[in-house]
Amino acid sequence: MKGMTSWIGENRFYAEPFKKSSSPQSSGVTPYGGMRWLGPAKHTSARLVLICVGLLGLALIADFLWASSPRFLYALISQIGKMSRVEERWEHLVRAVLSRERMGTDAYGRHSTGIAGNVPSSLANNRDIDEILRAADEIQDEDPNISRILCEHAYSLAQNLDPNSEGRGVLQFKTGLMSVIKQKLAKREGGTIDRSQDIARLQEFYKLYRQKNNVEKLREEEMKLRESGAFSGNLGELEKKTVKRKRVFATLRVLGTVLGQLTEEIPEELKRVMESDAAMTEDLIAYNIIPLDAPSITNVIVSFPEVQAAVSALKYFRGLPNLPTDFSIPATRDPDMLDFLHYIFGFQKDNVSNQREHIVLLLANEQSRLRIPEETEPKLDEAAVRNVFLKSLENYIKWCDYLCIQPIWSNLEAVSTEKKLLYISVYFLVWGEAANVRFLPECLCYIFHHMAREMDEILRQQIAQPANSCSSENGVSFLDQVIYPLYEVVAAEAANNDNGRAPHSAWRNYEDFNEYFWSLHCFELSWPWRKGSSFFERPIRGSKNILKSGRSQHRGKTSFVEHRTFLHLYHSFHRLWIFLVMMFQGLTIIAFNKGQLNAKCIREVLSLGPTFVVMKFLESVLDILMMYGAYSTTRRLAVSRIFLRFLWFSTASVVISFLYVKALQEESKQNGNRVIFRLYQIVIGVYAGIQFFISVFMRIPACHSLTNQCDRWPLIRFVKWMRQERHYVGRGMYERTTDFIKYMLFWLVILSVKFAFAYFLQIKPLVKPTKTIVTLGPIRYSWHDLVSKNNHNALTVASLWAPVICIYLLDLHVFYTLISGVWGFLLGARDRLGEIRSLEALHQLFEQFPRAFMGTLHVPLPNRTSEQASSEVMEKNKVDAGRFSPFWNEIIRNLREEDYITNLEMELLAMPKNSGKLPMVQWPLFLLSSKIFVAKDIAVESRDSQDELLERISRDDYMKYAVQECFLTLKLILSEILEGEGSMWIEQVYKDIHESIAKKSIHVDFQLNKLPLVISRVTALMGILKEGGTSELEKGAVKAVQDLYDVVHHDVLSVNMRGNYETWKLLSNARTEGRLFAKLKWPKDPELRAQVKRLHSLLTIKDSAANIPKNLEARRRLEFFTNSLFMEMPEPKPVREMLSFSVFTPYYAEIVLYSMAELQKKNEDGISILFYLQKIYPDEWKNFLARIGRDENALDSELFDNATDILELRFWASYRGQTLARTVRGMMYYRKAFMLQTYLERLNSAVSDVEAAISSNDTADTRAFELSPEARAQADLKFTYVVTCQIYGKQKEGQKPEAADIALLMQR
């Protein structure tokens, strides 16, 4: 079933069409088996069962019924003695329960009531039964008799699947279905039913249903609608056509399936019709992105060369054994290697379909990044297969290397392309059906390792046979034989954690299971699984101390156990503590020696050796304490390391401390032996040198990689193991050398500043006071002193140094914050981050945006120079603006759709196409608004020369652009609408203006103080031309042009007309005779009408748009986008060469969309959510009302009369109050961006598009990209968004509103 459904096996929700996963059991259709329903009179035994079960069921649901219908329950109980009516009561009861709530619509827009949609999940074939019942509801009004046949067939299927009604809810379902059939029988128009005619009736209805719904033209009409340019503004009509077609074909498919199961004697003509209809239902076959199981005429992704090459690469090849003839493969495609793996390992059917798409997507994306195949029969490059192979099996290769075992291949270069694809397929099929075992990646490597070996053995024998590891008496099932044993033990351990209250050492989590496969001991599990192993032994439920006892062979924690204690404050940051303490000790020693590094000072500094080993000893003690409670279950190697480190540091601390003390004692003697001190120096020097060498050595990437390769050497492994526990994760993760050097220099600066501050401002100033206090006589305290008495005033010294030590330990974060802030500022300044911090800066720098866009975000165009037609800067800027405007306008349009800006603001912010005849860049109106009136005032009041006038206007670039645009646009419009003498007049006036400008006598030849008259006449003319072309308006336009002529000729023009006497005389005679502007061409070209409207706006908007947009969120988004234009970033690539990526958003049971009840519900203060949102977002609320065509003063109750307005209101509130709805909308902008960029790239490269093949001059019309099938397909190929609805299946089964809201959000 294609459409907005859930992947139940994974509990996932996709933003694209996807499929239901089949149950672990067989998902085939159960044969009809010749069973016939004989009517209620023949079911005497069933009556007795129903009576008994009814008596028991009444007690179980009494509470529910009493709450819902106590009167009915009382009446039912009062009649309990009348056994003849118990069955009737029970059936009525079941139907009432099943029909209590109206179900939502399915993927085909069909409403289901009653038992349709309530098929128990325990029925393995519940999807077929559910579809049959939904089809029965669909055709109930057309032909109740056919509906009755379908219901009886559904009952027979349920009876075949569970004859004894042992499954959960099966008995209630059968009883309810029986009552429905009885009601259908009761409604028949008299007479008995001749069931021998059911097949004939069904065949006849099939023909009538096809004829009534005009099946032959359904798809043709839809395709015409898709290709219709007039449809670009009505997406709802296309959705209705698509849903209707899917519903009709879904019903036909059900009728054909039932007919085929009832009889094999179908007329040849009808059989051909049914086969033809079946071939037309590819949209009903479930798929995620690529329809591989059937041809498609609406999804053009299958026509991409890279996709065709990927599909072709997976086809069956000669090295694969032949599959059995009875193995089912869709007739619409050829068998491939995944069908072979499906047969031998028993993977679920839907898992195979999902992973087939997955692998095709991976291969197609990798191929598109290399090149686009241009052959007639596209083929994958070997490099594409190799890249996907190495990326997919990277973890397996590392796992084999870590365990020092040979992968399943001996020489990777010798592995054929087909074999690589087989290995990829096996790995992804294992992953796709692994359920929670996916959280054990190295366990998957173990499974893949053995299954690939099994596959190689089957290929060697050249006999297609089920694998031993997946075979059992019940058939071949990878899920049952491989995954389920693992899942059982993982689930048992999770159930033993007492909802998180059990100690961490009392149960195994995912890490413990996975780390078991980090050693060669995992091969003790053998293959197939040795289920008697202690690894598979489950704990006793509720026994918290099971892991601490030595009686059980149950395997416990692997290498880590968590204890909640404040000792973690030292244990987790022991390196930092050791470093700070040793530095403080060293700086203090130097300060007390007055900064002189003499022999005495060096001897004292060497006291850092005992300090270091003692603190490491404390760390080893804490290691032992932290592992308490898991010694009996933790790996022996991990326990051995802990105690070896304890012995090492305890011995080292004793030896080094002894040597240092002994050395000091010898030094204090006159004839002391200096050998001990030299020995101490050698020991400290060697230990420090080794530690320093290892630290630096491991920081060099090449050396780090070399040590990983030398892991097979016992000595290297032992040294690394003593230094750090050997783990699988984290191996090979290191910074580049340059990054490490930068990082090290950064911290050297921080630590240098910190220790300089500590030495000169904290430690050194306290040396002299400390010496003075120590040498003072005894101080008498008012309280009893046990610390400083006869101890050189130790309490006073401690009080003096305590605050300094505390600040010393804490100020590292202060210095880090300050220096990182300064460093971040410098990096941001270099990368030009935050260059646009206000709306004023956005206005000022807008002229640079197109050029910056072409340099950073736009794909480089090879034919850009040829499009310029000249090397002039203006032409280049216009080309840049034409490329930039579609993206800018799409951002503005989305701001309006989200109600952040008004309609007027959207008009002001929109950027023209810049693809017309004007020889200049047209900027958005919000930059040019009111500039004409300011320029007019300057010209009217100016008494300066022409150069001074132009200089004053040119001080504001946008004022200059506004004047130029009005001047050139007016000429363009008048030249288009005027003919003959009128066109001659325009040419002459503009010629005189240009001559005056060239002679710098514009203020002499023209009366600039009369400009307001000209502007008023032009405004009136544009106001008429922007409306529809009626006869009255045409007369008004002629009158407006004549008024404009009179003003220009009599009031403004002062130029000497003698030079063009003949022309002016001809124009004057034409005006006198009334034929100068007798008729004009009304502007009908869309681009010309847009210029008329824009000029009218330029001449009428008197208010400044300096605060446009007003909404803060709209400002923030525009500033963020424009800031990104100036960032340093890699050169962009075309969409086809981009990396594909997926985004996951977790979702459990939060509110998806507000319901109307939730929006109107008031709290204790009488405030509803809707009222609260209206007050927080008042401007957005007004914009929302304007968008749906409501007055801003309209009452809330007026919105509740229209279902569409209610839905829009729910979305408006949810986008502002619910994070999931807002997140989904935001993430889907990625898909929109991909579609828009793909669409424009195809237009720029002159590639034809099925639905939107327009010229490059129309690139700014971005609405067409939403209808482009190529743009949609390319976006689907590169981007996938998944909302991981973890309990969507339960929500849907329980008819929770969250399930319906999820489906609604997905369709949105």
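Residue indices begin at 1 and follow the sequence shown.
Residues Y570 and I578 form a side-chain contact, since some pair of their non-hydrogen atoms from C-beta on lies under 4.5 Å apart. In this structure, the side chains of T611 and V614 stay at 4.5 Å or more apart for every pair of heavy atoms. The closest side-chain heavy-atom distance from L812 to I750 is below 4.5 Å. Here the side chains of L580 and Y808 are in contact, with some heavy-atom distance below 4.5 Å. The side-chain heavy atoms of F439 and F513, taken from C-beta on, include no pair separated by under 4.5 Å. Side-chain contact check for L751 versus F579: some heavy-atom pair is nearer than 4.5 Å. I763 places a side-chain heavy atom less than 4.5 Å from the side chain of W801. Between I805 and L809, the closest side-chain pair of non-hydrogen atoms falls below 4.5 Å.
The residues R1116 and E1119 are annotated as not salt-bridged, no charged nitrogen and carboxylate oxygen being separated by less than 4.0 angstrom.
Between Y1147 and E1150 the shortest heavy-atom distance is OH-O, 2.8 Å. Considering all non-hydrogen atoms of both residues, Q762 and V804 come closest at CB-CG1, 3.7 Å. Between Y759 and P765, the shortest heavy-atom distance links the atoms O-CD, 4.1 Å. Residues V613 and S653 come closest through the heavy atom pair CG2-CA, 3.5 Å. In terms of heavy-atom proximity, N593 sits nearest to C601 at CG-CB, 3.9 Å. Residues P1146 and T1284 share a closest heavy-atom pair of CA-OG1, 3.0 Å.
Distance alone, capped at 3.5 Å, places no donor-acceptor pair between the Y680 side chain and the V661 backbone. Put simply, the side chain of N1163 gets close to the backbone of G1166: a donor and an acceptor are under 3.5 Å apart. The backbone N or O of S572 sits nowhere less than 3.5 Å from a side-chain atom of W577 that would complete a donor-acceptor pair. Proximity of a side-chain donor or acceptor of W399 to a complementary backbone N or O of F517 within less than 3.5 Å is detected. No donor-acceptor pair closer than 3.5 Å links the side chain of S657 to the backbone N or O of V654. In this structure, S607 contributes its side chain and R603 its backbone to no donor-acceptor pair below 3.5 Å. At least one donor-acceptor pair under 3.5 Å links the side chain of N1111 to the backbone N or O of E1113.
Residues F740 and F746 keep their aromatic ring centres 6.0 Å or farther apart. Taking the six-membered ring for Trp and the full ring otherwise, the centers of Y660 and F677 sit at least 6.0 Å from each other. Aromatic rings of F649 and F612 (six-membered ring for Trp) have centroids beyond the 6.0 Å cut-off, not under it. The ring of W747 has its center closer than 6.0 angstrom to the ring center of Y816. Ring-centre distance between F646 and F617: below the 6.0 Å cut-off.
Atom OH of Y1172 has 12 or fewer neighbouring heavy atoms from other residues, nucleotides or ligands inside a 6.0 Å radius. More than 12 non-hydrogen atoms from other residues, nucleotides or ligands lie less than 6.0 angstrom from NZ of K616. Atom CD of E840 has 12 or fewer neighbouring heavy atoms from other residues, nucleotides or ligands inside a 6.0 Å radius. Environment of CG in L1112: sparse, with no more than 12 heavy atoms of neighbouring residues, nucleotides or ligands closer than 6.0 Å.
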Practice prompt. Just do the side-chain contact (heavy atoms from CB on, under 4.5 Å) check on F1144 and M1227 with the steps written out, would you?
Written response: CA-CA 10 Å; F1144 291 79; M1227 292 309 305; over 6 Å; no
Discussion item. Walk me through whether Y687 and I656 qualify under side-chain contact (heavy atoms from CB on, under 4.5 Å).
Written reply: CA-CA 11 Å; Y687 184 82; I656 291 179; 5.9 Å; no
Discussion item. Under the criterion side-chain contact (heavy atoms from CB on, under 4.5 Å), I'd like the reasoning laid out for F815 against D811: C-alpha separation, chi angles, the key distance, then a yes or no.
Written reply: CA-CA 6 Å; F815 288 107; D811 64 356; 3.5 Å; yes
Fill in: Test log, rule side-chain contact (heavy atoms from CB on, under 4.5 Å), inputs N395 and E442
CA-CA 8 Å; N395 190 50; E442 281 65 68; 3.1 Å; yes
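Summarising the geometry, atom CG belonging to L795 is positioned 10.5 Å from atom CD1 belonging to I773; distances are rounded to the nearest 0.5 Å. Here L766 contributes atom CG and L800 contributes atom CG; the two are 5.0 Å apart, rounded to the nearest 0.5 Å. Distance check, rounded to the nearest 0.5 Å: NZ of K662 to CG of L679 gives 13.0 Å.
With a 6.0 Å cutoff to the six-membered ring centre and a 45° limit on the axis angle, K771 does not count as a cation-pi contact of F592.
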